[in-house]
Structure formats: C-alpha cells, structure tokens
Amino acid sequence: MESTSTTQGFCGTIGNTPLIRLDTLSDATGCEILGKAEFLNPGGSVKDRAALAIIEDAERAGALRPGGVVVEGTAGNTGIGLALVANAKGYRSIIVVPETQSPEKFELLRAIGAEVRAVAPAPYSEPGNYNHVARRIAEETPGGFWANQFDNVANRNMHYRTTGPEIWAQTGGRVTAFVAAVGTGGTLAGVSRYLKEKNAAVRTVCADPFGASMWSWIKKGNLDDDEGDSVTEGIGQGRITKNFEGAPIDDAYRIGDEVILELNHYLVKREGLLLGSSSAINVCGALKLARERGPGQVIVTVLCDGGGRYLSRLYNPAWLAEKKLTPKGLSLDELLARL
Ligand code: PMP
C-alpha cells in the first residue's frame with residue numbers, strides 16, 4: 001500500500017504504520033529496538049490488516065456477497081477490525097468473544113454496531129469453543145461468511161505482502177531480527193517469511209506467554225509443555241494453525257506476566273507509549289534478544305494495540321493488586337536481568 005496525503009476511506013488507512021525507535025531501550029542496549037506502531041491502525045490494532053485481507057479475499061472468491069454477514073470468533077481485536085471493515089463495505093457482523101476478554105473490547109464492539117455473542121471459555125477440542133460457535137453461526141446465517149482468522153491464510157499473506165515489506169523499507173534493509181508473539185501466528189509467520197527471503201540471516205523469534213505451546217513447539221518440537229498461565233490477551237496458542245504452519249522461526253522465549261507488566265508500565269513512563277500486554281511481551285523479547293546477541297542489532301517488534309483497551313485491567317491498581325502483578329517500578333538494568 002502506497003502512502004498518500006489522503007487515504008481511501010477506512011480501508012485505505014490500514015497499514016503503513018510508523019516504525020518507532022524505542023529510545024531508552026535502544027540507548028541502553030546499543031541496539032536499535034524498533035516498534036511497528038500497529039496500534040495506530042484505524043481500528044486500533046494489528047488485526048485491522050488481517051480483517052481487511054480476509055474480507056477482500058472472500059469478496060474475490062465470492063464467499064462474501066452484497067448483503068452478507070461477516071462472522072468471527074475473536075479475542076476482540078480481529079472482531080473490531082472486521083466489524084469496521086464490514087461497516088465501511090456495507091456488511092453486517094456477528095462477533096463471538098470469550099467472556100474472559102476485557103470489558104473495553106466488548107463495549108467497543110457494541111459501540112461500532114457488531115452483534116456480540118459472549119461465550120464461556122472452552123478449549124479448542126470442545127464444540128463450545130468460540131471458533132466453533134462462530135463457524136456454526138456462519139453456517140446457519142443466510143449470507144454468513146466465517147472469517148476463520150486462525151486457519152485462513154489470507155491473514156499471514158497480508159503480513160507477507162504489507163507488514164514485512166514496510167519493515168524492510170523502513171529499516172533500509174538493515175533489520176537483523178524480528179520478534180513477535182503468536183495469536184493466530186499470521187504476523188510472525190508472514191513477516192518472518194518475507195524478511196528471510198530478503199536476507200536469510202534475519203533472526204526470527206517467537207515471544208510466548210506461559211500457558212501457550214509455541215515455545216515448546218519451537219524449542220522441543222512438541223506442544224506438550226504449556227505450563228503456567230498468563231493475563232495477556234490476543235496471544236497464547238496451543239496448536240499449529242494453518243497461518244503458523246511452516247513458519248521459518250529460529251528461536252523462542254517464554255516470558256512471564258510479572259516482567260510483561262513491568263514493561264507495560266515502563267513503556268508508558270519512559271517512552272510515552274500506553275500499550276497492551278502483547279506489545280509488552282514483544283518488547284521483552286526484543287530486549288532479551290538484544291542482551292543475548294549484543295550491541296549492533298536492528299531488532300524490530302510489533303506494538304499490537306493500545307493500552308486504552310485494558311484500562312480496567314493492566315492500568316487499574318486494584319486489578320493489578322488482585323492478580324499480584326503490581327509493577328515494582330524496576331530500572332531497565334533490573335528489568336534486563338529478569339528476562
Ligand atoms: N496482540 C493482540 C492484542 C492481538 O489481538 C493479536 C491477535 N489475536 C496478536 C497480538 C497476535 O497477532 P497474530 O494473530 O497475527 O498472531
């Protein structure tokens with residue numbers, strides 16, 4: 001997508017996000033630590049890209065026709081992106097969200113006119129899982145189209161076509177590493193494939209929360225080690241999605257909630273960036289990579305969504321205290337030592 005002074009509607013505003021140099025982190029590590037500002041997309045998250053790609057792919061394939069209904073199961077951000085793209089293109093949307101997700105995301109979805117169905121959390125293996133509920137609703141709704149973000153590779157192809165090339169251009173081809181957490185895996189898989197095609201030496205790393213299996217998959221070749229739990233939202237995958245399948249990933253880090261929350265609060269106070277927890281785990285991964293591989297790296301990561309979506313949680317002292325995750329205000333040295 002080309003940058004112009006005016007954009008074509010909502011959809012034309014998706015992508016071409018700035019790459020922000022995180023100054024204090026870069027100066028302290030001797031690396032360039034750069035955050036792709038996906039929270040500046042018009043729907044407020046990295047998922048706007050997948051939403052646009054999935055809907056336009058379905059239009060081309062004839063799976064979504066005028067008067068159609070976009071249906072999806074989502075932790076929230078994909079639903080917000082899909083509902084807004086649907087509005088801009090004249091479709092309705094039905095969004096199925098596990099009731100554990102932040103109240104702000106539910107309010108946003110309702111405010112933008114999505115029909116929201118909250119469901120009790122259930123593992124993927126059970127019919128009550130939000131993805132299966134969404135598929136069934138799409139099948140039963142006249143004109144229904146199931147977006148299927150986890151296994152619809154229009155998602156990773158969009159990152160291969162847009163996010164990857166933007167990062168390559170914005171770093172003048174100097175990028176040496178890319179780090180991201182996995183939800184659907186579309187971002188990490190699509191960007192990694194593109195960057196490695198441009199330069200096979202680019203190091204690609206997954207930053208995984210506890211309770212997910214991607215770390216286990218990349219380090220041990222199985223999905224068995226998913227110990228622990230995490231308050232992060234939008235990430236934490238337990239299976240190999242079609243989007244993640246075959247992704248060229250070199251390494252994985254498992255990062256705990258305490259250090260993620262510390263970093264969220266550090267990023268607000270020291271970098272002026274109010275972000276969600278997946279952005280913070282990504283920056284933790286970038287910092288760990290900087291520490292491991294030493295100065296001189298150009299490390300790109302993703303700032304997935306803004307912290308306004310999590311005011312009642314990540315930035316609410318009572319919630320933090322209840323979860324025993326109140327940040328201690330650690331210095332950068334102390335933070336680095338805990339990664
Ligand atoms: N962060 C947030 C806040 C998200 O909503 C998502 C998508 N579920 C991700 C990260 C992960 O992106 P992807 O689906 O491309 O792996």
Side-chain angles (χ1 to χ4, degrees), residues 14-15 17 35-41 43-54 72-83 95-98 100-102 104-105 108-109 130-131 134 147-164 178-194 204-209 212-214 217-218 230-245 247 249 252 255 260 264 274-285 301-310 313-314:
I14 294 172
T17 53
K36 187 79 170 134
E38 293 300 295
F39 65 94
L40 294 178
N41 276 306
S45 89
V46 64
K47 300 306 302 201
D48 286 3
R49 294 188 194 250
L52 178 63
I54 287 170
E72 182 60 323
T74 153
N77 282 328
T78 305
I80 293 162
L82 284 170
I95 305 298
V96 184
V97 190
T100 47
Q101 299 303 296
S102 80
E104 288 89 337
K105 287 196 275 196
L108 247 168
L109 280 164
Y130 64 110
N131 289 293
N148 189 15
Q149 59 166 329
F150 291 93
D151 296 306
N152 181 342
V153 294
N155 169 359
R156 76 169 179 206
N157 292 346
M158 180 69 162
H159 290 287
Y160 177 83
R161 262 201 343 268
T162 67
T163 324
F178 178 71
V179 188
V182 166
T184 64
T187 310
L188 183 59
V191 171
S192 295
R193 200 180 117 217
Y194 181 84
T204 55
V205 181
C206 169
D208 216 28
S213 300
M214 298 300 98
W217 177 254
I218 293 158
S230 173
V231 300
T232 53
E233 293 183 34
I235 57 172
Q237 186 51 257
R239 69 182 177 97
I240 303 303
T241 64
K242 288 268 186 302
N243 277 294
F244 195 60
E245 202 170 63
I249 310 304
I255 297 168
I260 295 171
N264 268 126
L274 179 70
L275 300 167
S277 52
S278 66
S279 306
I281 195 175
N282 285 351
V283 176
C284 285
T301 193
V302 186
L303 309 179
C304 310
D305 67 356
R309 249 154 231 205
Y310 309 96
R313 295 186 171 185
L314 307 178

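Residue numbers start at 1 and run along the sequence shown. Atoms within each ligand, like the ligands themselves, are counted from 1 in listed order.
At a 4.0 Å heavy-atom cut-off, ligand 1 touches Thr187 through backbone and side chain alike. Counting heavy atoms under 4.0 Å from ligand 1, residue Thr184 touches it through both backbone and side chain. Contacts between Lys47 and ligand 1 below 4.0 angstrom, taking non-hydrogen atoms only, involve the side chain exclusively.
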Criterion side-chain hydrogen bond (donor to acceptor under 3.5 Å, both in side chains) on Asn155 and Thr184, from CA distance to verdict: CA-CA 9 Å; Asn155 169 359; Thr184 64; 2.9 Å; yes

Candidate pair Ile80 and Leu109, rule side-chain contact (heavy atoms from CB on, under 4.5 Å), full reasoning: CA-CA 6 Å; Ile80 293 162; Leu109 280 164; 3.8 Å; yes

Evaluation steps, side-chain contact (heavy atoms from CB on, under 4.5 Å), between Trp217 and Gln237: CA-CA 11 Å; Trp217 177 254; Gln237 186 51 257; over 6 Å; no

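Ligand 1 has no nitrogen or oxygen under 3.5 angstrom from a nitrogen or oxygen of Val182. For ligand 1, one of its N or O atoms has an N or O atom of Asn77 under 3.5 Å away.
Atoms OG and CG, from Ser102 and Leu314 in turn, are 8.5 Å apart once rounded to the nearest 0.5 Å.
Side chains of Thr74 and Leu82 form no contact here, defined as non-hydrogen atoms less than 4.5 Å apart. Side-chain contact between Thr241 and Gln149 is absent, with no heavy-atom pair separated by less than 4.5 Å. Annotation: side chain of Ser277 is not in contact with side chain of Val231 (no heavy-atom distance under 4.5 Å).
Those atoms of ligand 1 with a heavy atom of Asp305 less than 4.0 angstrom away are 3 (C). Close approach of ligand 1 to Cys304 is summarised as follows: ligand atoms under 4.0 Å from at least one heavy atom of the residue are 1 (N), 2 (C), 10 (C). Every atom of ligand 1 with a heavy atom of Ile235 under 4.0 Å away is listed here by number and element: 9 (C), 10 (C), 11 (C). Annotation for ligand 1: atoms under 4.0 Å from non-hydrogen atoms of Gly183 are 11 (C), 13 (P), 14 (O), 16 (O). Atoms of ligand 1 found under 4.0 Å from any heavy atom of Gly186, numbered from 1 in the order shown, are 15 (O), 16 (O). The atoms of ligand 1 that sit less than 4.0 Å from any heavy atom of Gly185 are 13 (P), 14 (O), 16 (O).
At a threshold of 4.0 Å, the pair Lys105-Glu233 counts as salt-bridged, since one of the basic side-chain nitrogens sits closer than that to a carboxylate oxygen. Note on Arg49 versus Glu38: salt bridge recorded, some NZ/NE/NH1/NH2 to OD/OE distance being below 4.0 Å.
Distance from atom 6 (C) of ligand 1 to its nearest protein heavy atom, with residue and atom name: Gly234 O, 3.2 Å.
Of the candidates Ser278, Ala50, Gly190, the one placing a heavy atom closest to atom 1 (N) of ligand 1 is Ser278.
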